[in-house]
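Take a look at the structure set out below.
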Amino acid sequence: MKLPEKIRIAGVDYDVKMVNYLNNGVNLAYGHIDFVKNTISLSATEPMSVGSTGITLLHEILHGVLQHYGTAVTLENEENVIDVFAKGLYQVIRDNKEFFEEVQK
């Protein structure tokens with residue numbers, strides 16, 4: 001999987017980068033979106049499969065969508081909800097590549 005250099009969410013460009021020893025302040029993390037620096041960081045330290053990297057990127061993108069479009073929304077168990085949607089959407093996109101490729105043409 002070739003990671004994009006940038007992802008645009010709600011008109012905001014986020015740089016996508018691999019980072020060694022990414023953590024959330026307490027534990028090692030697989031991914032993080034920074035709304036101030038406009039970056040999405042993915043762990044280069046924790047060994048992840050291509051699918052796990054894709055799911056992690058989609059997970060962080062969904063945090064961005066929620067931040068930009070759901071300002072009045074607060075989710076109970078936000079991490080779990082976002083994780084379910086990231087895994088589900090990744091599967092749908094992966095299993096229907098031809099549709100998503102056609103949409104871009």
Side-chain angles (χ1 to χ4, degrees):
M1 169 184 181
K2 182 177 183 260
L3 286 176
E5 292 180 15
K6 291 188 181 292
I7 292 284
R8 181 171 292 150
I9 304 169
V12 178
D13 289 333
Y14 287 84
D15 292 322
V16 178
K17 59 185 181 174
M18 299 299 287
V19 176
N20 288 320
Y21 304 107
L22 181 63
N23 72 58
N24 63 6
V26 178
N27 301 312
L28 287 177
Y30 293 112
H32 176 74
I33 185 166
D34 186 320
F35 299 110
V36 174
K37 295 179 182 176
N38 296 344
T39 58
I40 295 176
S41 302
L42 303 173
S43 176
T45 308
E46 295 296 308
M48 291 195 289
S49 67
V50 170
S52 293
T53 301
I55 291 168
T56 302
L57 177 57
L58 194 49
H59 179 104
E60 299 310 323
I61 290 169
L62 289 170
H63 276 300
V65 169
L66 186 61
Q67 172 72 19
H68 289 285
Y69 292 108
T71 53
V73 175
T74 55
L75 292 177
E76 192 171 320
N77 299 318
E78 180 177 324
E79 280 301 311
N80 292 333
V81 171
I82 294 241
D83 205 42
V84 166
F85 277 106
K87 289 174 180 173
L89 282 171
Y90 182 80
Q91 175 270 309
V92 169
I93 293 166
R94 185 169 175 234
D95 289 352
N96 298 281
K97 289 179 193 172
E98 61 283 345
F99 170 75
F100 289 97
E101 290 170 356
E102 186 63 32
V103 168
Q104 299 221 352
K105 290 182 181 176

Drop me the distance from Thr53's OG1 to Met18's CE, to the nearest 0.5 angstrom. 5.5 Å
Please report the closest heavy-atom contact between Ala29 and Ser43, naming both atoms and the distance. O-CB, 3.4 Å
Shortest non-hydrogen pair, Ile55 vs Ala86, comes out as O-CB, 3.8 Å
Out of curiosity, Leu57 CG to Leu62 CG, how far, rounded to the nearest 0.5 Å? 9.5 Å
Check Arg8 against Asp13 and note the closest heavy-atom contact, atom names and distance. NE-OD1, 2.8 Å
Pairwise distance CG(Leu58) to CG(Asp83) - rounded to 0.5 angstrom: 10.0 Å
Rounded to the nearest 0.5 Å, what's the gap from NZ on Lys6 to OG1 on Thr39? Could you check? 10.5 Å
Answer with yes or no whether the hydrophobic clustering places Val19 together with Leu3; edges join I, L, V, M, F, W, Y residues whose side-chain heavy atoms lie under 4.5 Å apart. no
Straight-line distance of His63 NE2 to Glu79 CD, nearest 0.5 Å: 3.5 Å
Using side-chain heavy atoms (C-beta onward) and a distance below 4.5 Å, is Val65 in contact with Ile9? yes
Is there a path of hydrophobic side-chain contacts, each under 4.5 Å between heavy atoms of I, L, V, M, F, W or Y residues, that connects Leu22 with Phe35? no
Is the closest side-chain heavy-atom distance between Gln67 and Ile33 below 4.5 Å? no
Go through the steps for Val12 and Tyr14 under the test side-chain contact (heavy atoms from CB on, under 4.5 Å), then give the verdict. CA-CA 6 Å; Val12 178; Tyr14 287 84; 3.6 Å; yes
Main chain of Lys37, side chain of Asp34: is a donor-acceptor contact present, judged purely on distance under 3.5 Å? yes
How many angstroms lie between CG in Leu42 and OH in Tyr30, if you round to the nearest 0.5 Å? 12.5 Å
